[in-house]
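Just so it is clear: chains get the letters A, B, ... in the order the sequence lines come, proteins before strands, and each one is counted from 1. On a predicted model such as this, the values are computed, not experimentally measured, just so you know.
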Protein chains: 2
Amino acid sequence: MASIKDVAAEAGVSVATVSRVLNDHPSVSADARARVLAAVGTLGYRPNAVARSLRTDQTHTLGLVISDVMNPYFTELARSVEEEARALGYSVIIGNADERPDLQDHHVRNLLDRRIDGLLVSPTDGGSPLMLDAVRAGTPMVFVDRWIPGVDVPVVRADGQGAVRDLVAHLHGLGHRRLAIIAGPAATTTGQERVAAFRAALHAYGLDLPEEYIGQGDFQAESGRRVTEGFLDLAAPPEVVFAADNLMALGALDAVRARGMRVPDDIALAAFDDIPWFVHTDPPITAIAQPTGELGRAAVRALVDRIEGRPPQSVTLPARLVVRRSCGENPNPVQRSTS
Amino acid sequence: MASIKDVAAEAGVSVATVSRVLNDHPSVSADARARVLAAVGTLGYRPNAVARSLRTDQTHTLGLVISDVMNPYFTELARSVEEEARALGYSVIIGNADERPDLQDHHVRNLLDRRIDGLLVSPTDGGSPLMLDAVRAGTPMVFVDRWIPGVDVPVVRADGQGAVRDLVAHLHGLGHRRLAIIAGPAATTTGQERVAAFRAALHAYGLDLPEEYIGQGDFQAESGRRVTEGFLDLAAPPEVVFAADNLMALGALDAVRARGMRVPDDIALAAFDDIPWFVHTDPPITAIAQPTGELGRAAVRALVDRIEGRPPQSVTLPARLVVRRSCGENPNPVQRSTS
DNA sequence: CGAAGTCGTGTAATCGATTCCACGAGGAGG
DNA sequence: CCTCCTCGTGGAATCGATTACACGACTTCG
């Protein structure tokens with residue numbers, strides 16, 4: 001592979017001049033520039049990003065550590081992050097933690113070793129020492145979706161409180177009174193917040209959220225299935241199951257089907273996180289939609305601001321309720337098609 | 001950030017010794033080793049992967065360029081690729097081409113500039129000059145899922161012929177005679193092959209695949225919708241629509257619904273690529289399942305073989321039919337749950 | 001007892017870029 | 001005509017690792 005030296009030789013100039021042409025530094029004669037460009041062309045030269053990074057101490061690369069790639073929500077997040085980063089001149093390296101703190105640490109370490117310019121994280125847990133060290137060491141970082149309390153890092157996330165209130169209003173209006181939730185891991189902020197928001201909304205309607213109606217899930221389909229089975233085994237099973245993410249909703253649907261029961265006739269189902277497939281499930285599932293693309297873009301902007309020395313901003317965007325048929329009689333038509 | 005020099009100073013040895021300890025080179029005294037390790041600990045030193053790569057000319061990184069991250073098939077592929085790569089001591093950088101040749105080139109160029117050790121590609125088109133140049137220049141490369149004919153690069157893919165035959169047998173057995181296909185882009189091998197396999201299977205049953213029953217899609221949901229609408233507008237609409245990937249099947253489902261028609265009563269639907277959601281659509285969709293995880297792992301093994309000087313092998317694994325209810329009366333129960 | 005390893009270690013070259021500094025040529029101004 | 005800039009250029013240091021080579025101290029063996 002041709003190096004800058006080869007180009008310099010071919011063009012009959014020094015490597016300094018080649019470098020100047022490549023970084024379009026002003027003081028290069030038109031003649032030299034032309035000769036260098038020609039040499040670059042004939043040799044098919046491409047600068048070695050590794051060497052450049054070593055010298056400049058910048059990789060123009062962002063790390064993104066997400067909790068689970070197989071979750072369409074995070075896939076979409078990753079996509080929008082990459083798009084915005086590309087627009088701003090950065091590349092993205094994605095690390096998939098699969099909801100496992102050890103894997104999360106593996107990727108964070110790997111990204112740090114590669115000297116990425118900044119890190120976007122949706123933490124799987126309450127904060128590994130590794131990540132806290134990185135923050136303390138001054139690594140530019142931004143939390144997206146989930147965050148770690150007590151750490152001074154900008155957070156870009158959706159606020160579901162309003163939408164959860166709308167959901168409970170909808171459910172209450174349909175006559176449901178026994179509402180249960182499949183929660184996410186308590187170690188994640190989204191795991192806790194969604195339960196808190198749900199409980200608060202229920203209280204507003206004079207309803208309770210008893211312990212046995214809080215199932216402990218882990219944001220994966222299998223846990224949704226398991227928890228739902230537990231709910232169905234109760235002496236007084238809930239009339240509604242609200243899954244704190246889309247994969248657990250999928251598991252819940254499985255569990256209900258496996259018993260030969262029907263949604264929404266025998267039990268209603270709603271989910272946090274809306275995805276295109278929810279339009280086509282049987283029945284279409286009522287869900288709380290996050291502005292996923294906007295979150296990803298805002299997170300990148302915040303991180304790049306931080307990297308480039310501008311003050312980064314935390315951002316909170318509202319989520320909204322999308323009513324479909326999985327909770328019962330629905331006065332409105334479907335409001336959202338695939339896209 | 002501490003460098004190897006700092007560690008050397010702290011431990012009272014030379015950088016050479018530190019390096020030897022880090023790469024566990026045999027000739028280092030126990031005493032020196034202990035002092036270096038202690039220094040590494042107190043400084044929290046981590047070797048700079050950028051510098052190391054520059055010197056050794058290896059990044060221990062694989063590039064993966066896929067056609068569309070939002071397609072669950074590719075997401076799963078990416079996940080298994082990363083897993084296997086990690087097991088073999090490599091990291092993976094994913095580039096999402098979004099079915100756009102220009103974006104594909106952007107990522108290939110970016111990965112090449114970063115001096116990745118090898119490239120895994122599922123080409124969006126018939127082969128950009130950039131990629132062909134890379135092959136000619138000796139970049140270790142392996143094609144996965146799709147490939148470019150006439151290029152001497154190992155291919156890891158699934159063979160759908162048998163499964164398509166099974167599908168046609170199933171459809172024929174259910175009494176369907178007018179079968180249509182939503183094809184992928186002709187520039188991709190999977191786009192062509194699936195049509196060819198379908199046509200061959202139809203012939204075996206004495207059936208034809210007329211031009212108007214071949215819709216040109218692009219592997220995205222929207223094209224599935226458009227093509228399906230075209231089919232429904234025909235004087236003699238098909239009784240079955242076979243979508244060459246899961247996203248186009250989603251679009252087809254949309255189109256059918258939008259007309260107020262029902263699957264499978266008014267029209268049957270089948271898809272190439274099976275995904276967890278197909279169990280839960282209304283109705284559950286009959287699909288051809290690829291051994292996605294196995295493909296990803298085999299592709300990584302082939303690429304790493306190539307990188308490390310062993311002869312790489314092309315691999316072809318069989319896909320299989322999973323019958324559900326979207327094509328009509330089904331004697332067998334669902335054979336596959338989510339996972 | 002001297003020659004010939006062996007072992008542990010350090011010095012310095014190297015990878016491919018960027019960039020500070022020095023230098024020579026040419027132009028402007030006194 | 002001399003001085004002082006400006007401009008274009010090249011030499012060389014530098015980033016943080018790895019590794020070939022040299023060297024001194026010990027062993028080992030004839």
Undergrad: Axis-to-axis angle across the helix from C:dC1-D:dG30 to C:dG30-D:dC1, five pairs an end, to 10 degrees?
TA: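 It works out to 50° between the end axes.
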
Undergrad: With sequence neighbours left out, write down each residue that passes side-chain hydrogen bond (donor to acceptor under 3.5 Å, both in side chains) with A:Asp145, or none if nothing qualifies.
TA: A:Tyr73

Undergrad: State which residue, out of B:Glu83, B:Arg86, B:Arg79, fulfils the side chain to side chain contact (heavy atoms under 4.5 Å, CB included) condition with A:Asn96.
TA: B:Arg79

Undergrad: Just to be sure I understand the geometry, which residues of residues 40-62 of chain B put a non-hydrogen atom under 4.0 Å away from DNA chain C?
TA: B:Leu54, B:Arg55

Undergrad: Working to the nearest 0.5 angstrom, can you tell me the gap between B:Arg146 CZ and B:Thr188 OG1?
TA: 5.0 Å

Undergrad: List the residues meeting salt bridge (Lys or Arg N to Asp or Glu O under 4.0 Å) with A:Asp57, not counting sequence neighbours, and say none if there are none.
TA: none

Undergrad: At what distance, to the nearest 0.5 angstrom, does OH of B:Tyr90 lie from CD of B:Glu308?
TA: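 B:Tyr90 OH to B:Glu308 CD: 3.5 Å, rounded to 0.5 Å.
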
Undergrad: Go through DNA chain D in 5' to 3' direction and return only the first and the last nucleotide with some atom under 4.0 Å of chain B's heavy atoms.
TA: D:dC15 to D:dT19

Undergrad: When rounded to the nearest 0.5 angstrom, what is the spacing between NE2 in A:His60 and CZ in A:Arg52?
TA: 8.5 Å

Undergrad: State which residues pass side-chain hydrogen bond (donor to acceptor under 3.5 Å, both in side chains) with B:Ser122; sequence neighbours excluded, sorted by chain then number.
TA: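 With sequence neighbours excluded, B:Ser122 shows a side-chain hydrogen bond (donor to acceptor under 3.5 Å, both in side chains) to B:Ser67, given in chain and number order.
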
Undergrad: Could you work out, with side-chain hydrogen bond (donor to acceptor under 3.5 Å, both in side chains) as the rule, every residue matching A:Asp24, not counting sequence neighbours?
TA: none

Undergrad: Would the distance check show the side chain of A:Asp6 and the main-chain N or O of A:Ser3 forming a donor-acceptor pair, the cut-off being under 3.5 Å?
TA: yes

Undergrad: Do other residues, nucleotides or ligands put more than 12 heavy atoms under 6.0 Å from the CG atom of B:Asp31?
TA: yes

Undergrad: Each nucleotide in nucleotides 4-10 of chain C should get exactly one letter: B, S or -. Can you fill that in based on protein heavy atoms under 4.0 Å?
TA: ----SBB

Undergrad: What closest approach, in Å, do B:Pro291 and B:Leu317 show between heavy atoms, and which atom pair accounts for it?
TA: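 Heavy atoms only, the tightest pair is CG-CB, 3.7 Å.
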
Undergrad: Under the side-chain contact (heavy atoms from CB on, under 4.5 Å) test, which residues partner A:Asp133, sequence neighbours left out?
TA: A:Arg136

Undergrad: For A:Arg301, enumerate each residue passing the salt bridge (Lys or Arg N to Asp or Glu O under 4.0 Å) test, keeping only those at least two apart in sequence or located in another chain.
TA: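 Applying salt bridge (Lys or Arg N to Asp or Glu O under 4.0 Å) to A:Arg301 gives A:Glu84, A:Glu294.
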
Undergrad: Please give me every residue in residues 109-119 of chain B whose heavy atoms get under 4.0 Å of an atom in DNA chain C, ordered by residue number.
TA: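 Result for residues 109-119 of chain B: none.
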
Undergrad: Does A:Asp117 reach the main-chain N or O of A:Leu62 with its side chain, forming a donor-acceptor pair under 3.5 Å?
TA: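 Checking the backbone N and O of A:Leu62 against the side chain of A:Asp117, no donor-acceptor pair under 3.5 Å is found.
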
Undergrad: Which residues pass the side-chain hydrogen bond (donor to acceptor under 3.5 Å, both in side chains) test with B:Arg46, sequence neighbours left out?
TA: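 Applying side-chain hydrogen bond (donor to acceptor under 3.5 Å, both in side chains) to B:Arg46 gives A:Asp113.
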
